[in-house]
Amino acid sequence: MFVQALLIGVLATLCGSVFLELWVWVMRNPIIEGALVGLILGDWMTRATIGATIQLIYMGQITVGGISSFDKCYAGVIATAVTMLSHQTPEVGVTIAVTLGTIGLLASNLTMTVNAVFVHMADKYIETGETKRLWIYNWLLPNLFAGVVYGLPAFFVCYFGAGAFESFMASLPAFISNALTVVGSILPALGIGMMFKAVYKQKFLAFAIIGFVLIAYLHLDIIACTLVGGAAALLYWTLGLDKLTEGE
């Protein structure tokens, strides 16, 4: 378990830092982070399911001016790991993710504040033309600090806290456990609703109704619905319907 907790700590550091720009925009999402946690813990498909459920909460979340309403690392990496290690359902995992994602804002704001200090530390080298040392303040120190605020909490939570959390959840009365499950079931629907409100256009309402029928009445799985949605998008584009409705 030590090695697994250590690897999750490294993953949390990567997801909370700025190692690569591509990593930031592609990999730092709960569905991807959940799958990576699953690879470390030996069941990537189940963990990807947990990550995908967490992802739904934040589908309509918009980052304004660099300020987010949650921390993706705490919500995606640490929450998924805790959910799996404490043998909780994805619905309970959603509740855990909301809590940890909000707590993670402290780490996120602290990181941005301290990184600003590193920038000013690099100013003196710019003034003297010693640009070879800039990488220390622009890359090395920020990533090392990310290990402190993301990697260490992830390691300690996974190595010491998962068992305690499982015991705590087992000791809760049934009505509280059921309430957590209900809340965790509602939050993804709220996330989808927020996303739908952001991208809604009346001309696409028919596609939304078709998707609802496929799931609610025909009980198709997510892969089948994705294929139907992709086919609908392809038809919309190849038939030139986008050009016919440009003015709407």
Side-chain angles (χ1 to χ4, degrees), residues 25-39 41 43-63 69-70 72 75-76 79-80 82-84 86-101 169 172 174-248:
W25 297 108
V26 177
M27 307 301 290
R28 193 190 291 175
N29 289 287
I31 186 171
I32 304 297
E33 292 168 336
L36 294 174
V37 169
L39 286 176
L41 297 178
D43 186 358
W44 74 271
M45 179 61 75
T46 301
R47 307 325 146 204
T49 301
I50 296 173
T53 306
I54 295 172
Q55 180 85 48
L56 292 175
I57 314 173
Y58 305 111
M59 290 293 285
Q61 188 268 345
I62 299 175
T63 300
S69 61
F70 76 108
K72 292 182 178 180
T80 301
V82 170
T83 301
M84 182 259 180
S86 58
H87 304 95
Q88 302 301 316
T89 63
E91 289 75 19
V92 175
V94 167
T95 308
I96 297 172
V98 171
T99 303
L100 290 180
M169 291 297 295
L172 291 177
F175 73 92
I176 294 181
S177 300
N178 293 336
L180 291 175
T181 301
V182 171
V183 170
S185 300
I186 293 174
L187 286 174
L190 177 62
I192 293 174
M194 291 173 61
M195 180 194 67
F196 192 69
K197 182 178 180 180
V199 302
Y200 171 76
K201 289 186 177 181
Q202 187 174 359
K203 62 184 179 181
F204 296 135
L205 180 60
F207 295 107
I209 295 174
I210 291 172
F212 177 79
V213 171
L214 292 177
I215 293 177
Y217 292 94
L218 300 182
H219 306 291
L220 297 183
D221 59 27
I222 190 64
I223 294 178
C225 290
T226 301
L227 291 174
V228 172
L234 184 61
L235 283 173
Y236 186 83
W237 178 66
T238 55
L239 296 178
L241 298 181
D242 54 329
K243 295 182 175 59
L244 294 177
T245 58
E246 279 182 355
E248 298 181 14

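Residues: numbered from 1 along the sequence shown.
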- Item | Distance (rounded to the nearest 0.5 Å) between I50 CD1 and T83 OG1 | 5.5 Å
- Item | Sequence-distant partners of A52, side chain to side chain contact (heavy atoms under 4.5 Å, CB included), two or more places apart | I31
- Message: List the residues meeting side chain to side chain contact (heavy atoms under 4.5 Å, CB included) with A97, not counting sequence neighbours, and say none if there are none.
- Response: I54, A75, A79
- Report yes if the side chains of T80 and P30 come closer than 4.5 Å at any heavy-atom pair, otherwise no. no
- Correct closest heavy-atom pair for E33 and K72 would be OE1-O, 3.0 Å
- Query: Does CG belonging to L205 count more than 12 external heavy atoms closer than 6.0 Å?
  - Reply: yes
- A224: what forms a side chain to side chain contact (heavy atoms under 4.5 Å, CB included) with it, not counting sequence neighbours? L220, D221
- Message: Quick check for you: to the nearest 0.5 Å, what is the distance between L239 atom CG and L234 atom CG?
- Response: 8.5 Å
- Spatial distance of atom CD1 (I210) from atom CD1 (I215) [nearest 0.5 Å]: 12.5 Å
